[in-house]
Asks: 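Here you go, one structure.
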Amino acid sequence: MDLTPKQIVHELNKYIIGQDEAKKAVAIALRNRYRRSQLSPEMQDEVTPKNIIMKGPTGVGKTEIARRLARLVKAPFLKVEATKYTEVGYVGRDVESMVRDLAECAIRLVKEEKTQEVSYKATAVAERKIAKVLAESMKAERGETSKEVFEQNLVDGIHAGKYDNTVIELEVADNPKPLELSPGQGAAIDLGSIFSGLGMDRKKKRKVSVKEAKNLLIAEEADKLIDNDAVNAEAIRRAENDGIIFIDEIDKIAGKGNQGADVSREGVQRDILPIVEGCTVMTKYGPIRTDYILFIAAGAFHVSKVEDLIPELQGRFPIQVELKSLTKQDFINILTQPQNAITAQYAALLKVDNIDLQFKPDAIEKIAEISVDINATSEDIGARRLHTVMEYLLEDISFNAGGNDYPVIPVEVNAKYVEEHLDKIIKNRDMRKYIL
């Protein structure tokens with residue numbers, strides 16, 4: 001998708017409030033990928049992504065910006081926490097596992113796309129198979145109708161959902177779950193693929209509804225129609241050229257000259273360095289070069305500073321952007337502007353129980369004011385504070401909602417309602433102002 005940086009920022013604005021500097025940085029990084037793809041192969045090899053460090057408190061949108069960016073262009077995306085990795089020689093996950101995990105994300109992404117392409121054909125085959133099973137169990141109802149016509153009528157009924165709740169016995173593939181290994185030992189062993197490779201496709205009989213049987217068979221038939229070698233090749237290409245790895249909590253492994261329990265921190269940085277710099281990591285789908293993967297690192301950097309990272313690692317993240325703490329106006333915008341605004345989420349949830357929830361502008365302003373004050377007087381957790389405030393505010397309504405058999409009940413949330421239902425939070429907030 002060849003979106004311009006302005007268009008990318010416009011799309012991100014639908015979901016994330018403020019943080020224009022960070023949005024601009026990631027938009028340029030994404031556009032540069034498209035620009036690189038238009039160059040000659042020789043020049044493409046020379047152009048590497050400019051990795052980004054996002055600095056800012058929790059809950060201000062660091063992860064969401066990266067995740068939405070990847071979703072925008074359907075790029076393989078992986079979020080990892082730097083604290084989960086250990087230096088080589090210590091018990092724990094090795095940093096190369098993040099590339100293997102990205103490969104899994106790419107495989108899943110490509111497989112979903114390919115499945116969508118063959119879904120029409122797979123659905124037709126699945127419905128025909130279920131019709132044969134149903135025809136066997138409904139022989140008495142066939143009467144004078146020919147077998148072919150009867151089965152076609154059943155196919156039409158299955159397609160329309162007429163037999164969704166009918167239970168049938170079906171022979172389906174028995175795929176054992178992948179065997180998980182302990183951290184640091186590499187990828188999980190997929191026993192199903194081993195049996196399949198040996199020509200031992202295991203089957204088992206199950207009693208399932210027609211609706212469930214349809215889903216199982218569609219997945220099974222789609223798998224037969226998809227060329228797995230082509231999926232693997234495309235997934236590796238996407239992981240190498242479009243992959244985004246978001247390394248969170250990078251500040252937790254910063255700090256020079258740490259001793260004792262923190263002795264491996266600098267070692268983790270040294271191990272991350274070749275991955276970010278560009279190397280080849282072996283995965284079960286084939287080797288992946290990390291040279292053109294975009295790395296976005298993020299951290300609060302309350303205690304440590306970006307300068308506390310080893311110089312070589314700093315050099316691999318040439319772009320640094322700072323995300324600001326959220327203001328009252330930011331909270332008001334978060335509550336009203338995004339497509340998935342939290343107020344719209346709660347209104348939709350309670351509509352299930354026939355509660356027509358309406359938030360007045362003065363209520364929105366009061367919720368924002370309280371959220372900002374709590375963040376200022378206690379721990380600043382950014383927009384996540386809204387979840388706490390909203391849960392307290394709507395606790396009574398959520399608990400007393402009577403079910404969807406009741407008539408629609410309009411509920412208006414205004415400033416007075418907010419003050420009454422958040423009285424305890426407001427009192428605690430007022431007390432904190434005077435505690436040093």
Side-chain angles (χ1 to χ4, degrees), residues 25-26 29 45-56 58 62-63 66 76-106 181-187 236 239-241 243-284 286-322:
V26 297
D45 288 343
E46 299 300 321
V47 180
T48 55
K50 306 302 178 281
N51 300 317
I52 302 164
I53 285 187
M54 292 184 184
K55 177 185 172 186
T58 185
K62 298 189 295 291
T63 308
F77 174 78
L78 179 72
K79 176 187 180 286
V80 297
E81 290 179 13
T83 50
K84 293 283 173 69
Y85 299 99
T86 60
E87 184 182 357
V88 173
Y90 286 76
V91 175
R93 299 197 75 185
D94 64 279
V95 294
E96 286 190 353
S97 64
M98 69 173 74
V99 182
R100 289 192 284 269
D101 291 342
L102 182 70
E104 294 290 345
C105 294
L181 300 178
S182 58
Q185 286 187 297
I236 286 174
E240 287 183 338
N241 295 287
I244 299 173
I245 295 182
F246 183 83
I247 306 174
D248 205 3
E249 311 287 2
I250 194 83
D251 57 318
K252 304 297 188 296
I253 61 165
K256 295 174 183 175
N258 285 305
Q259 298 298 321
D262 297 330
V263 73
S264 71
R265 286 185 176 186
E266 207 166 291
V268 175
Q269 292 184 57
R270 284 195 300 270
D271 287 349
I272 288 176
L273 186 60
I275 303 286
V276 179
E277 210 166 32
C279 66
T280 302
V281 176
M282 286 304 301
T283 72
K284 65 182 181 181
I288 289 183
R289 286 179 65 195
T290 66
D291 302 62
Y292 309 108
I293 293 172
L294 177 64
F295 289 89
I296 302 175
F301 290 99
H302 289 315
V303 179
S304 57
K305 304 187 292 292
V306 175
E307 291 73 25
D308 290 333
L309 293 168
I310 59 173
E312 298 91 334
L313 195 59
Q314 286 181 54
R316 294 294 160 188
F317 288 89
I319 301 169
Q320 293 182 23
V321 289
E322 188 162 352

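Source: prediction; values computed, not measured.
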Asks: Apply salt bridge (charged side-chain N to carboxylate O under 4.0 Å, His left out) to Glu240 and list each qualifying residue two or more places apart in sequence or on a separate chain.
Replies: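 Salt bridge (charged side-chain N to carboxylate O under 4.0 Å, His left out) list for Glu240, sorted by chain: empty.
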Asks: Going from SG on Cys105 to CE on Met98, what distance comes out if it is rounded to the nearest 0.5 angstrom?
Replies: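 Rounded to the nearest 0.5 Å, the SG-CE separation comes to 12.5 Å.
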Asks: Between Gln320 (side chain) and Ile53 (backbone), is there a donor-acceptor pair under 3.5 Å?
Replies: no
Asks: If you round to the nearest 0.5 Å, how far is CG of Leu78 from CD1 of Ile245?
Replies: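 One gets 5.5 Å once the value is rounded to the nearest 0.5 Å.
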Asks: Checking side chain to side chain contact (heavy atoms under 4.5 Å, CB included) for the pair Ile244/Ile296: CA distance, chi angles, key distance, verdict?
Replies: CA-CA 7 Å; Ile244 299 173; Ile296 302 175; 4.1 Å; yes
Asks: Holding to side chain to side chain donor-acceptor pair (under 3.5 Å), I want the full list of residues that pass it with Lys252, two or more places apart in sequence or in another chain.
Replies: Glu249
Asks: Who pairs with Asp45 by salt bridge (charged side-chain N to carboxylate O under 4.0 Å, His left out), at least two apart in sequence or on another chain?
Replies: none
Asks: Check for a donor-acceptor pair, side chain of Thr290 on one end and backbone N or O of Ile293 on the other, with a separation under 3.5 Å.
Replies: no
Asks: Quick check: closest heavy atoms across Ala25 and Ile319, and the distance to 0.1 Å?
Replies: CB-CG2, 4.2 Å
Asks: Got a sec, which residues hit salt bridge (charged side-chain N to carboxylate O under 4.0 Å, His left out) with Glu322, two or more places apart in sequence or on another chain?
Replies: none
Asks: Quick check against the 3.5 Å criterion: does Gln269 have a side-chain atom that pairs as donor or acceptor with the backbone of Ile253?
Replies: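 Judged by distance alone, yes, a pair lies under 3.5 Å.
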Asks: Can you give each donor-acceptor pair under 3.5 Å made by side-chain atoms of residues 298-305, sequence neighbours left out, with the distance rounded to 0.1 Å?
Replies:
from	atom 1	to	atom 2	distance (Å)
Ser304	OG	Asp251	O	3.1

Asks: Donor-acceptor pairs under 3.5 Å, side chain of residues 270-281 to any protein atom, not counting sequence neighbours: which ones?
Replies:
from	atom 1	to	atom 2	distance (Å)
Asp271	OD2	Val88	N	3.0
Glu277	OE2	Arg316	NH2	3.1

Asks: Determine which pairs satisfy salt bridge (Lys or Arg N to Asp or Glu O under 4.0 Å) with at least one residue from residues 286-300, sequence neighbours left out, and list them in order.
Replies: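 For residues 286-300: Arg289-Asp291.
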Asks: Could I get the full list of side chain to side chain donor-acceptor pair (under 3.5 Å) partners for Glu81, not counting sequence neighbours?
Replies: none
Asks: To the closest 0.5 Å, what do you measure between CD (Glu96) and OG1 (Thr283)?
Replies: 11.0 Å
Asks: Rounded to the nearest 0.5 Å, how far apart are CZ of Phe295 and CG of Leu313?
Replies: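 Going from CZ on Phe295 over to CG on Leu313, the span is 10.5 Å.
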Asks: Would you compute the distance between atom CD1 of Ile236 and atom CG of Leu102 and round it to the nearest 0.5 angstrom?
Replies: 11.0 Å
Asks: Charged N to carboxylate O under 4.0 angstrom, Asp94 versus Arg100?
Replies: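 Here Asp94 pairs with Arg100 in a salt bridge, since their nearest N and O are under 4.0 Å apart.
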Asks: Donor-acceptor pair, distance only, cut-off 3.5 Å: does the side chain of Lys62 make one with the backbone of Gly56?
Replies: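 Yes, Lys62 side chain to Gly56 backbone: donor-acceptor pair under 3.5 Å.
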Asks: Could you go step by step and tell me if Glu104 and Lys284 meet the side chain to side chain contact (heavy atoms under 4.5 Å, CB included) rule?
Replies: CA-CA 9 Å; Glu104 294 290 345; Lys284 65 182 181 181; 3.1 Å; yes
Asks: Partners of Asp101 by salt bridge (charged side-chain N to carboxylate O under 4.0 Å, His left out), sequence neighbours excluded?
Replies: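 Salt bridge (charged side-chain N to carboxylate O under 4.0 Å, His left out) list for Asp101, sorted by chain: Arg93.
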Asks: Using side-chain contact (heavy atoms from CB on, under 4.5 Å) as the criterion, list what pairs up with Thr48, not counting sequence neighbours.
Replies: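 Thr48 satisfies side-chain contact (heavy atoms from CB on, under 4.5 Å) with Lys50, Tyr292 only.
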Asks: Nearest 0.5 Å, what's the NZ-CD1 distance between Lys55 and Ile250?
Replies: 14.5 Å
Asks: Flag the pair Thr63 / Phe246 as yes when at least one side-chain heavy-atom distance between them is below 4.5 Å, and no otherwise.
Replies: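 Contact flag for Thr63/Phe246 side chains = yes.
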